Amino acid sequence: MKNKSTIAGVVLAGLATGAAAWYLFGTSNGKEVCSKLMNSVKDLSDSVAEKANGTIDHLSSRINNVSDRVMA
């Protein structure tokens, strides 16, 4: 009985995945949603990269200050 419920769950998950893929890639509304989603992900990625670079620059500056004090 457990195998049947596992198979049913896998089939339902496959159907849901297929339906989502069809909507996102097969319909004009889905393509618009997909495009907006990808733009949001790119914006988020750019923001994270900018903050990471700022943090790296800040830490580098602090390390240089500490190094200068130790060497003096």
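Computed from a predicted model, the values in this text were never measured in an experiment.
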Spatial distance of atom CG (Leu12) from atom OG1 (Thr17) [nearest 0.5 Å] | 10.5 Å

Applying salt bridge (Lys or Arg N to Asp or Glu O under 4.0 Å), name anything that partners Lys51, two or more places apart in sequence or on another chain.
-> none

Does any pair with a residue in residues 40-49 pass side-chain hydrogen bond (donor to acceptor under 3.5 Å, both in side chains), and if so which ones, sequence neighbours excluded?
-> Lys42-Asp46

Donor-acceptor contacts under 3.5 Å from residues 19-33 side chains, at least two apart:
from, atom 1, to, atom 2, distance (Å)
Thr27, OG1, Tyr23, O, 2.6
Thr27, OG1, Gly30, N, 3.0
Glu32, OE2, Lys36, NZ, 3.4

Hey, could you give me each pair passing side-chain hydrogen bond (donor to acceptor under 3.5 Å, both in side chains) that has a residue in residues 61-72? Not counting sequence neighbours.
-> none

Not counting sequence neighbours, which residues clear salt bridge (Lys or Arg N to Asp or Glu O under 4.0 Å) with Asp57? List them please.
-> none

By side-chain contact (heavy atoms from CB on, under 4.5 Å), Val11 pairs with (sequence neighbours left out) Ile7, Leu15

